[in-house]
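Okay, structure first, notes after.
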Amino acid sequence: MNILMAYYDWIKAIHIMAVIAWMAGLFYLPRLFVYHAERAQIGSELDQTFQIMEEKLLRVIMNPAMIVAWLAGLILIGLGAFDWGAVWSWVKLISVILMTAAHGWMSARRKEFAAGTNTRSGRTYRLFNEVPTVLMVFIVVAVIVRPF
């Protein structure tokens, strides 16, 4: 790990860039689901367009960004960036795990749209769109302000 310490700032920069890309997808995918649920009929051209957009967003942007964010984050933890005795570290870790669960939930919803079995309304996706926002607030406040 000592060799990685020389690259600590680079690893942190990669982590932050990956998180930004991941968050962009976590904010955008539920919006796509809103419009998909409200405007596209199963099997229509619009339905197919939304399916392509949703699948590419997940496969090309969100999944790689999540993986890089996790890998860089784990390396940073290994380099001592995690304070095992501080509440803020645990708030961040738990929030990131919940963010990953939200990602998985969205991935499952994309598969339902692809199969033509979505039963959720646009309202459900509008409400869910707030989950990544709330988790992001917890993470940023925990890491920057460290109120606990």
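Just so you know, these numbers use all the heavy atoms, side chains as well, and skip hydrogens, waters and symmetry mates. Since this is a predicted model, take the numbers as computed values, not measurements.
The aromatic rings of Phe113 and Tyr125 lie tilted to each other, with the angle between the two planes from 30° to 60°. Classification of the Phe50-His36 ring pair by plane angle, with boundaries at 30° and 60°, yields parallel.
Inter-residue side-chain proximity for Pro132 and Phe27 is flagged as met; some heavy-atom pair is nearer than 4.5 Å. Put simply, the side chain of Val34 does not reach to within 4.5 Å of the side chain of Asn129, judged on heavy atoms.
No continuous path of ILVMFWY side-chain contacts below 4.5 Å connects Val68 to Leu4, so the two sit in separate hydrophobic clusters. When the side chains of ILVMFWY residues are joined at heavy-atom separations under 4.5 Å, either directly or via intervening members, Val140 and Leu135 end up in a single hydrophobic cluster. Val96 and Val141 end up in the same hydrophobic cluster when Ile, Leu, Val, Met, Phe, Trp and Tyr side chains are linked at under 4.5 Å. In this structure, Trp84 is a member of the same hydrophobic cluster as Val143, with clusters built from ILVMFWY side-chain heavy atoms closer than 4.5 Å. Side-chain heavy atoms closer than 4.5 Å link hydrophobic residues (I, L, V, M, F, W, Y) into clusters, and following such links, even through other members, never connects Ile16 to Trp88.
Residue Ile42 comes nearest to Gly116 through the heavy atom pair CD1-O, 3.3 Å, listed as atom of the first residue, atom of the second, then distance. Among all heavy-atom pairs drawn from Met99 and Met136, the shortest one is CE-N, 3.9 Å. Between Ala37 and Gly122, the closest heavy-atom pair is CB-N, 3.9 Å. Looking at every heavy atom in both residues, Ser95 comes nearest to Ile139 through CB-CG1, 3.4 Å. Nearest heavy-atom pair across Ala114 and Gln51 is CA-OE1, 3.3 Å. The two atoms that bring Val19 and Ala69 nearest to each other are CG2-CB, 3.8 Å, heavy atoms only.
For the atom pair Leu26 CG and Met106 CE, the distance stands at 4.5 Å (nearest 0.5 Å). With values rounded to the nearest 0.5 angstrom, Leu46 atom CG is found 9.0 Å from Gln41 atom CD. Put simply, CD1 on Ile14 and CG on Leu76 are 9.5 Å apart, with the number rounded to the nearest 0.5 Å. Rounding to the nearest 0.5 Å gives a distance of 11.5 Å between CE of Met62 and CD1 of Ile67. Between Tyr28 atom OH and Met53 atom CE the span is 3.5 Å, to the nearest 0.5 Å. From His103, atom NE2 reaches atom CG of Leu98 across 14.5 Å, with rounding to the nearest 0.5 Å.
Heavy atoms of other residues, nucleotides or ligands lying less than 6.0 angstrom from CZ of Arg59 number more than 12. Other residues, nucleotides and ligands place no more than 12 heavy atoms under 6.0 Å from the OH atom of Tyr7.
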Side chain to side chain contact (heavy atoms under 4.5 Å, CB included) between Trp22 and Trp70, worked out | CA-CA 11 Å; Trp22 186 24; Trp70 265 100; 4.2 Å; yes
So Phe128 and Trp105, side chain to side chain contact (heavy atoms under 4.5 Å, CB included) or not? Walk me through it.
-> CA-CA 10 Å; Phe128 189 80; Trp105 186 86; 3.5 Å; yes
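The closest donor-acceptor contact from the side chain of Thr49 to the backbone of Glu45 lies under 3.5 Å.
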